[in-house]
Undergrad: 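Input: one structure, supplied below.
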Amino acid sequence: MPYIEVKWTGKQFHIEFKPEEFENATVHDLKQKCHQITHVDPERIKLLAYGAVMKNNEERLSSYGIRDGSKVILMATPAKAMDNVASKTVEGQLLEQISIVTEKLNQKIVPDIESYEKRVKEFLSQRAGGLQQVKSKEQKKLQDYGVYLNEQLMNILFDFDGILTGVDEKARHQRKEGVRQAQALLDKVDNIKSLVM
């Protein structure tokens, strides 16, 4: 039976399709099946395959290169973050949503990147010292952690992307600054990761 492997919050699960439905399955169909397992509302689900967001719900999975056994990353807009701001003004809601995403970036991801950079520098100094037996295992771990950090930063960018600021100038400016910071950190992680490739 055809399946797609979906990764979500560190867990992996298989979404199975009947052979006849897999051929014509759409992004919407996959989101519905993910909803049945994760209980995340389909409107909050974003799917990432081969580095691209599958944005068009009516598009066939095959048009995104999805085939039997393909791997997809599921990301969800946090419901709690969106629901907590319901009673505030529109501007207040926007600013709070941006603040939540920015805080996540600064409190969790920035320290992880600093730690990653330190680990890579230590690895490079060990490699320069001739410790070859440490090289392959640690190098793979560092490469994988760089990919993980890239995924976390992509999630942040998706979170910012999901905040529609409209004509609110202050919210638009703060969102733009957050996106700029996340993109700069993405470049930094790519540069650090390239040192261990």
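The structure presented is a predicted model; accordingly, all values stated were derived computationally and were not measured.
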Undergrad: Quick one: does any side-chain atom of Ser99 pair with a main-chain N or O of Leu95 as donor and acceptor, under 3.5 Å?
TA: no
Undergrad: In Å, rounded to the nearest 0.5 Å, how long is the span from CD of Glu117 to CG of Leu142?
TA: 12.5 Å
Undergrad: My understanding is that only one of Leu149, Ile113, Leu157 makes a side-chain contact (heavy atoms from CB on, under 4.5 Å) with Leu186; could you say which?
TA: Leu157
Undergrad: If hydrophobic clusters are built by linking Ile, Leu, Val, Met, Phe, Trp and Tyr wherever their side-chain heavy atoms come under 4.5 Å apart, do Phe158 and Leu164 end up in the same one?
TA: no
Undergrad: Charged N to carboxylate O below 4.0 Å: is that the case for Arg119 and Glu122?
TA: no
Undergrad: Kindly indicate, with the supporting measurements, whether the criterion side-chain contact (heavy atoms from CB on, under 4.5 Å) is fulfilled by Asn106 and Gln181.
TA: CA-CA 10 Å; Asn106 290 323; Gln181 180 186 7; 2.7 Å; yes
Undergrad: Considering all heavy atoms of both residues, which atom of Lys46 and which atom of Asp161 are nearest to each other, and what is their separation?
TA: NZ-OD2, 4.2 Å
Undergrad: Please name the pair of heavy atoms, one in Leu94 and one in Ala171, separated by the smallest distance, quoted to 0.1 Å.
TA: CB-CB, 3.8 Å
Undergrad: Does any part of the side chain of Leu153, heavy atoms only, come nearer than 4.5 Å to the side chain of Leu105, both counted from C-beta?
TA: yes
Undergrad: Specify the closest pair of heavy atoms between Asp68 and Pro2, including all atoms of both residues, with the distance to one decimal.
TA: OD1-CA, 3.3 Å
Undergrad: Let me confirm one number: the CD-CG distance from Gln152 to Asn150, rounded to the nearest 0.5 Å.
TA: 10.0 Å
Undergrad: Run Lys176 and His173 through side-chain contact (heavy atoms from CB on, under 4.5 Å) and show every step you take.
TA: CA-CA 5 Å; Lys176 188 175 182 179; His173 176 73; 5.6 Å; no
Undergrad: Looking at NE2 of His35 and CZ of Arg44, how far apart are the two atoms once the value is rounded to the nearest 0.5 Å?
TA: 10.5 Å
Undergrad: Enter the distance from Leu48:CG to Lys55:NZ here, rounded to the nearest 0.5 Å.
TA: 11.0 Å
Undergrad: Is it true that a side-chain atom of Arg175 and a backbone atom of Ile98 form a donor plus acceptor pair closer than 3.5 Å?
TA: no
Undergrad: Assigning hydrophobic clusters by single linkage (Ile, Leu, Val, Met, Phe, Trp, Tyr; side-chain heavy-atom cutoff under 4.5 Å), is Tyr116 placed with Leu195?
TA: yes
Undergrad: What residues join Leu61 in its hydrophobic cluster, counting side-chain heavy atom gaps under 4.5 Å, either direct or through other members?
TA: Ile4, Val6, Trp8, Phe13, Ile15, Phe17, Phe22, Val27, Leu30, Ile37, Val40, Ile45, Leu47, Tyr50, Met54, Tyr64, Ile66, Val72, Leu74
Undergrad: What distance separates Gln12 CD from Ile73 CD1, expressed to the nearest 0.5 Å?
TA: 10.0 Å
Undergrad: Please determine whether residues Met75 and Val147 belong to a single hydrophobic cluster, defined as Ile, Leu, Val, Met, Phe, Trp and Tyr linked transitively by side-chain heavy-atom distances below 4.5 Å.
TA: no
Undergrad: Please confirm whether the backbone N or O of Ser70 pairs with a side-chain atom of Tyr3, one donor and one acceptor, at under 3.5 Å?
TA: no
Undergrad: Hey, are Lys33 and Glu21 close enough for a salt bridge, meaning a charged N less than 4.0 Å from a carboxylate O?
TA: yes
Undergrad: Output yes when Glu43 and Lys31 qualify as a salt bridge under the 4.0 Å nitrogen-oxygen rule, no when they do not.
TA: no
Undergrad: Work out which heavy atom in Gln143 is nearest to a heavy atom in Lys193; give both atom names and the distance.
TA: O-CD, 3.9 Å
Undergrad: Judged by modelled atom types alone, do Gln97 and Asp159 share a side-chain donor-acceptor pair under 3.5 Å?
TA: no
Undergrad: Under 4.5 Å between side-chain heavy atoms, hopping through other hydrophobics if needed: is there a path connecting Tyr148 to Val120?
TA: yes
Undergrad: Is there side-chain contact between Gln174 and Glu169, with at least one heavy-atom pair below 4.5 Å?
TA: no
Undergrad: Are side-chain N/O atoms of Asp29 and Thr26 paired as donor and acceptor at under 3.5 Å?
TA: yes
Undergrad: What's the spacing between Met1 CE and His14 NE2 if we round to 0.5 Å?
TA: 13.5 Å
Undergrad: What's the shortest heavy-atom distance between Lys108 and Pro111, and which atoms?
TA: O-CD, 3.5 Å
